[in-house]
Chemist: 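The structure under discussion is supplied below as structure tokens; questions concerning it will follow.
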Amino acid sequence: QHKSVARSEFIKPDCHACHPDFHNAQLRLFTGKGGIGVADLPSPMFEAGLNCQACHIFHKFEGEFKEKGETFRAGAGSCEPCHGSGYGKILENWKVQTDRKASQFSRILAAAEKIVEKYKNQTEYTAAKQKLADALFNFNLVKYGNSIHNITFANRLMDKAYQLLEEGLKLVGAAEKLPVFEKETN
């Protein structure tokens, strides 16, 4: 229930008082923490002392002193004031790369789950399922955290997720192999 706290343009409601923080995955990627089997690797932007507002808050002005509004959705325009013209294209390339890898990984994960299920009578089945769960955790961290917040850490998480799937198959002694996964060099 939304309750009125005050009728002043200067008092903004604290939404977190009732609503949970839905940006936990973004924060983990940005700070480079929380991946399974991956060393911490903060974003260069985080290490430089920037926070979320550096890229996500834009004030738009209509006239000399008249504020028109603000936006919270980052895009190419977020990068270029600090990094120069054309840097937004790098951001777009990262998005395309991540979308491609996420689609590829989703198919590989589904294949790994089917393979491991064939070996549910093996003694290491539970350990293999845990490897798959850990891989899914890393994948979801990238998927929901938006890789743009830390592309290098996101790539390492995805590479580790694939490795965890391979380890899961090995634990149950699966003869099947996973499709090859596109790895990054950064």
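Heads up: numbering here begins at 1 and tracks the sequence. Because the structure is a prediction, the values reported are computed rather than measured.
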Chemist: How long is the straight-line distance from CD of Gln163 back to CG of Asn138, given to the nearest 0.5 Å?
Modeler: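 Rounded to the nearest 0.5 Å, the CG-CD separation comes to 10.5 Å.
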
Chemist: Is the backbone of Lys33 close enough, under 3.5 Å, to the side chain of Asp40 for a donor and an acceptor to pair up by distance?
Modeler: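 Between the backbone of Lys33 and the side chain of Asp40 there is no qualifying donor-acceptor contact (under 3.5 Å).
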
Chemist: Mind checking the OG1-CZ spacing from Thr98 to Phe105? Nearest 0.5 Å is all I need.
Modeler: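 Going from the OG1 atom of Thr98 to the CZ atom of Phe105 covers 13.5 Å.
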
Chemist: Show the nearest heavy-atom pair for residues Gly35 and Leu157, with the distance to one decimal.
Modeler: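 Heavy atoms only, the tightest pair is CA-CD2, 3.4 Å.
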
Chemist: Same cluster for Leu178 and Tyr125 if Ile/Leu/Val/Met/Phe/Trp/Tyr side chains link at under 4.5 Å?
Modeler: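 Same cluster.
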
Chemist: Within the distance-only criterion (no hydrogens, no angle test), does the side chain of Ser103 pair as donor or acceptor with the backbone N or O of Asp99 below 3.5 angstrom?
Modeler: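 Between the backbone of Asp99 and the side chain of Ser103 there is no qualifying donor-acceptor contact (under 3.5 Å).
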
Chemist: Step by step, would you call Lys101 with Asp159 a side-chain contact (heavy atoms from CB on, under 4.5 Å)?
Modeler: CA-CA 10 Å; Lys101 287 179 75 171; Asp159 291 347; 3.9 Å; yes

Chemist: Could you check whether the rings of Phe181 and Tyr162 sit parallel, tilted or perpendicular, using 30° and 60° as the cut-offs?
Modeler: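 Parallel: the ring planes of Phe181 and Tyr162 meet at under 30°.
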
Chemist: Looking only at side chains, do Thr152 and Arg156 share a donor and an acceptor under 3.5 Å apart?
Modeler: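 Side-chain D/A pair, Thr152 to Arg156: absent.
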
Chemist: Identify the two heavy atoms, one from Asn150 and one from Pro42, that lie closest to each other, and give their separation to 0.1 Å.
Modeler: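 In terms of heavy atoms, the two residues are closest at ND2-C, 3.4 Å.
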
Chemist: Hydrophobic clusters here meaning ILVMFWY residues chained together by side-chain heavy-atom distances under 4.5 Å, can you tell me if Ile151 and Phe153 are in one?
Modeler: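 Different clusters: Ile151 never reaches Phe153 through Ile, Leu, Val, Met, Phe, Trp or Tyr contacts under 4.5 Å.
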
Chemist: To the nearest 0.5 Å, what is the distance between CD on Gln104 and CD on Glu182?
Modeler: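 If we round to the nearest 0.5 Å, Gln104:CD and Glu182:CD are 5.5 Å apart.
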
Chemist: Linking I/L/V/M/F/W/Y whenever their side-chain heavy atoms sit closer than 4.5 Å, directly or via other members, would Phe30 and Phe137 fall into one cluster?
Modeler: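 No, no single cluster joins them.
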
Chemist: Please list, chain by chain and in numerical order, all residues satisfying side-chain contact (heavy atoms from CB on, under 4.5 Å) with Leu171, sequence neighbours excluded.
Modeler: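 Leu171: side-chain contact (heavy atoms from CB on, under 4.5 Å) contacts with Glu124, Ala127, Ala128, Lys131.
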
Chemist: Between Leu29, Leu91, Ile90, which is the residue that forms a side-chain contact (heavy atoms from CB on, under 4.5 Å) with Ile148?
Modeler: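 With Ile148 as partner, Leu29, Leu91, Ile90 yield a single side-chain contact (heavy atoms from CB on, under 4.5 Å), made by Leu91.
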
Chemist: Tell me, do Glu176 and Tyr119 make a side-chain contact under 4.5 Å, heavy atoms counted?
Modeler: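 Yes - at least one pair of side-chain heavy atoms lies under 4.5 Å apart.
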
Chemist: Would you name the heavy atoms of Ala154 and Ser147 that are closest together and state the gap between them?
Modeler: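 Reported closest heavy-atom pair: CB-CB, 3.5 Å.
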
Chemist: Are Leu132 and Leu164 packed together at the side-chain level, in the sense that at least one heavy-atom pair is separated by less than 4.5 angstrom?
Modeler: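 Contact flag for Leu132/Leu164 side chains = no.
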
Chemist: Report the distance from atom CD of Glu113 to atom NZ of Lys129, rounding to the nearest 0.5 Å.
Modeler: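 One finds 6.0 Å between CD of Glu113 and NZ of Lys129.
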
Chemist: For Glu117 and Lys114, run side-chain contact (heavy atoms from CB on, under 4.5 Å): C-alpha distance rounded to whole Å, both residues' side-chain angles, the deciding distance at 0.1 Å, then the answer.
Modeler: CA-CA 5 Å; Glu117 280 307 306; Lys114 285 180 183 178; 5.8 Å; no

Chemist: Drop me the distance from Ile108's CD1 to Ile115's CD1, to the nearest 0.5 angstrom.
Modeler: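 Here the interatomic distance stands at 10.5 Å.
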
Chemist: Is there a donor-acceptor contact under 3.5 Å linking the side chains of Gln97 and Asn93?
Modeler: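 Judged by distance alone, the side chains do not pair up.
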
Chemist: Among Val142, Leu141, Leu136, which residue satisfies the side-chain contact (heavy atoms from CB on, under 4.5 Å) criterion with Phe139?
Modeler: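 The single option meeting the side-chain contact (heavy atoms from CB on, under 4.5 Å) with Phe139 is Leu136.
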
Chemist: With side chains defined as the heavy atoms from C-beta onward, is the minimum distance between Met158 and Lys143 less than 4.5 Å?
Modeler: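 They are not in side-chain contact.
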
